[in-house]
Amino acid sequence: MARILVVDDEESIRETLGIFLRKAGYEVELAEHVPAAQQWLKDGAFDVVVTDIIMPRLTGVELLEMIRQQWPRVKVILMTGQPTMETAAATVRVGAYDYLTKPIVKEDILHRVGNAVKLKAAEDERARLAEAERRQKAELEENYNRLRQLESLRDSLVLMIIHDLRSPLAGMLGYLDVLKTKTTGKLSAAESNFLDVVQQNAEKMMRLILAALDVNRLESGQMPLNRQAYDLTTLAKTVMALLGSLVRQRHLSIEAPSEPVMVKADKEVIERVMTNLLANALKFTPDFGDVRIIVSRDGASARLAVTDTGEGIPAEHHTKIFEKFGALDKGAHGYSTGLGLAFCKLAIEAHGGQIGIVSEVGKGSTFWFTLPVV
C-alpha cells in the first residue's frame, strides 16, 4: 500500500484530500505545516507528498527542496490557489513531479497521485535491482579474490612439495642405475624387468616434476628462452623420429612446403611442445588410424598442426584441456592432459604465438600452434 503525505495549513482541504485518497486505497497522513511534514518524513517512508505552496513559516517549495536532498525518490505534487506562470516555472526548476490548482477536483488528484505512485514504485524497483546487482557483484568479487588466494596458496604448496621431491627422486634414479649395473647377468629376466619398470616409472615421475616446475617458471615469466632461427619442418621431423616407437600400427605422415619455414624459437622448448602434441595424437588414435603433421606459412606466421583420427573431444572441453591438471570426464573418453598441454600453451604464448584445437566427437582432433616467422 502506497503512503501519501498531505501538507496544507487549511484543515478542510487536508481532511478532504485525506478522505479522497484513503477511499482510493492509500495510507494517508496529514500535516498542517512544513515542520510537521518533516517529522512525518523522518519517522516513516512515503511515496508521494501533496503539499500546498503558500503556507506560514516555511513554503511548499522549501519543503520540496528538502525532500529532493534527503528523499530524492519521493514524488512531490504542489498545490496553490493562486496559480501563475512564475509559480509553475519555480516548481519545475526545483523538481516537482506535478502541479495542481485549487479547488482540487477528486478525479484530478487521484489521477496525478496514481501516476506518481506508479513512477515511484518503478524507481524503487530499479533501485532495489541495482542494489541487489551491486551486492551480488561485490560478493562474486570477494569470492573470486578468495579463490585466487586459495589457488595461489595451493600452487605454492604444490610447487614446494614438487621441488622437494626432485632431489630424493634424482637420488633414487642414480642408485637404480648403479643397481642395474651391479646386477647385470645376475638377475632373472623377470627380475630385470621389475627393475626396468621401476626405473621407467621413476623417470616418468621426474618428467612430471620438471614439467610442473617449467609451467611455474613460464607462468611467472622466469623461464629464459634461447631463441634462434630454426626450420619448423626439420624440428617436426626430429620429433617424429624420436617418437617412432609409439607409431606401431598407425600411419604417421608430414605435409610441409618444399622451402624451409623459418621461426625464431627455443629449439628444446618447441620440440617439447611438438612431442606433447604428437604423443597425445598417437595415444588416442586407434590402430590403423592416421596421424598427420602439417607445416605451413601464412604471412608473418608459421603454423604447425597435428591431426589425428581418434575419437575427438567435445567442444565444451576445448578450453579446459589447456588448464593445469585439466582432466576430461568419461564422456570425453577419459582424455587426461596433466601438465602437458598447459606447458604447451604457456610455451607457445611466451614465443608470441597462439595455440588451439579443432575437434569433433567421432571425427578426430587437430591441435595447432603458430609462431612468428623470421
Side-chain angles (χ1 to χ4, degrees), residues 203 207 210-211 214-215 217-218 223-313 318-319 321-322 335 337-360 363-374:
E203 289 173 347
R207 287 195 296 273
L210 295 176
D214 284 343
V215 165
R217 291 166 66 196
L218 283 167
M223 184 173 184
L225 298 175
N226 180 23
R227 303 187 194 215
Q228 297 184 39
Y230 294 100
D231 175 22
L232 197 59
T233 303
T234 301
L235 294 181
K237 290 179 178 179
T238 300
V239 172
M240 290 174 66
L242 291 173
L243 296 181
S245 61
L246 299 180
V247 177
R248 298 174 185 171
Q249 299 184 66
R250 304 169 186 86
H251 179 251
L252 176 61
S253 62
I254 184 169
E255 299 175 18
S258 56
E259 67 277 4
V261 179
M262 302 301 294
V263 295
K264 193 170 184 179
D266 187 307
K267 177 176 178 289
E268 180 182 344
V269 171
I270 297 304
E271 283 184 350
R272 285 176 60 185
V273 171
M274 293 182 186
T275 299
N276 272 306
L277 299 184
L278 185 55
N280 274 339
L282 291 169
K283 178 180 179 182
F284 293 102
T285 298
D287 287 347
F288 309 109
D290 293 315
V291 176
R292 287 187 302 153
I293 297 177
I294 305 170
V295 179
S296 60
R297 175 173 177 168
D298 182 12
S301 294
R303 187 177 190 271
L304 183 140
V306 179
T307 299
D308 64 56
T309 54
E311 296 183 353
I313 302 169
H318 289 182
T319 300
I321 57 176
F322 290 103
Y335 195 104
T337 66
L339 287 166
L341 290 178
F343 170 82
C344 292
K345 182 176 186 295
L346 291 168
I348 293 299
E349 290 177 350
H351 279 82
Q354 294 180 316
I355 190 169
I357 177 178
V358 178
S359 184
E360 186 177 344
K363 295 185 178 180
S365 303
T366 296
F367 283 87
W368 58 267
F369 67 82
T370 63
L371 291 172
V373 297
V374 176

J.: When rounded to the nearest 0.5 angstrom, what distance separates CZ in Phe288 from OG1 in Thr309?
T.: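 The OG1 atom of Thr309 is 12.0 Å from CZ of Phe288, to the nearest 0.5 Å.
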J.: If I take atom CD1 from residue Ile355 and atom CH2 from residue Trp368, how far apart are they, to the nearest 0.5 angstrom?
T.: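 Output value for this atom pair is 8.0 Å.
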J.: Inspect the surroundings of CG in Asp298 and state if more than 12 heavy atoms from other residues, nucleotides or ligands are less than 6.0 Å away.
T.: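 Atom CG in Asp298 is not crowded, with 12 or fewer foreign heavy atoms closer than 6.0 Å.
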J.: Using a strict threshold of under 4.0 Å (side-chain N to carboxylate O), is an ion pair present between Arg250 and Asp308?
T.: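 Not counted as a salt bridge, because no side-chain N and carboxylate O are separated by less than 4.0 Å.
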J.: Which side-chain N or O atoms in residues 263-270 pair as donor and acceptor under 3.5 Å with protein atoms at least two apart or in another chain?
T.:
unit_1	atom_1	unit_2	atom_2	d
Asp266	OD1	Glu268	N	3.2
Asp266	OD1	Val269	N	3.2
Asp266	OD2	Asn226	N	2.8
Lys267	NZ	Glu271	OE2	3.0

J.: Can you sort out the partners of Arg297 under side chain to side chain donor-acceptor pair (under 3.5 Å), two or more places apart, ordered by chain and number?
T.: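 Side chain to side chain donor-acceptor pair (under 3.5 Å) list for Arg297, sorted by chain: empty.
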J.: Glu203: which residues meet the side chain to side chain donor-acceptor pair (under 3.5 Å) condition with it, sequence neighbours left out?
T.: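 In terms of side chain to side chain donor-acceptor pair (under 3.5 Å), with neighbours along the sequence ignored, Glu203 is linked to no residue.
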J.: Considering residues at least two apart in sequence or located in another chain, which fulfil the side chain to side chain contact (heavy atoms under 4.5 Å, CB included) criterion with Glu360?
T.: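 With neighbours one apart ignored, the set is Lys363.
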J.: Heavy atoms only: give me the nearest Met223-Arg272 pair and the separation to one decimal.
T.: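 For Met223 versus Arg272, the nearest heavy atoms are CE-NH1, 4.5 Å.
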J.: Give the C-alpha distance, both sets of side-chain angles, the deciding distance and a yes or no for side chain to side chain contact (heavy atoms under 4.5 Å, CB included) between Leu304 and Ile294.
T.: CA-CA 6 Å; Leu304 183 140; Ile294 305 170; over 6 Å; no
J.: Name all residues meeting the side chain to side chain contact (heavy atoms under 4.5 Å, CB included) criterion together with Thr319; count only those two or more places apart in sequence or in a different chain, and write none if there are none.
T.: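 Per chain and number, Thr319 pairs via side chain to side chain contact (heavy atoms under 4.5 Å, CB included) with no residue.
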J.: In Å and rounded to the nearest 0.5 Å, what is the CG to CZ distance from Leu210 to Arg217?
T.: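 Leu210 CG to Arg217 CZ: 9.5 Å, rounded to 0.5 Å.
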J.: Going by the rule side chain to side chain contact (heavy atoms under 4.5 Å, CB included), which residues pair with His318 if we only count those two or more places apart in sequence or in a different chain?
T.: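 His318 satisfies side chain to side chain contact (heavy atoms under 4.5 Å, CB included) with Ile313, Ala315, Ile357, Ser359 once adjacent residues are dropped.
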J.: Nearest 0.5 angstrom please: Met240 CE to Thr275 OG1, how far?
T.: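 These two atoms lie 12.0 Å from each other.
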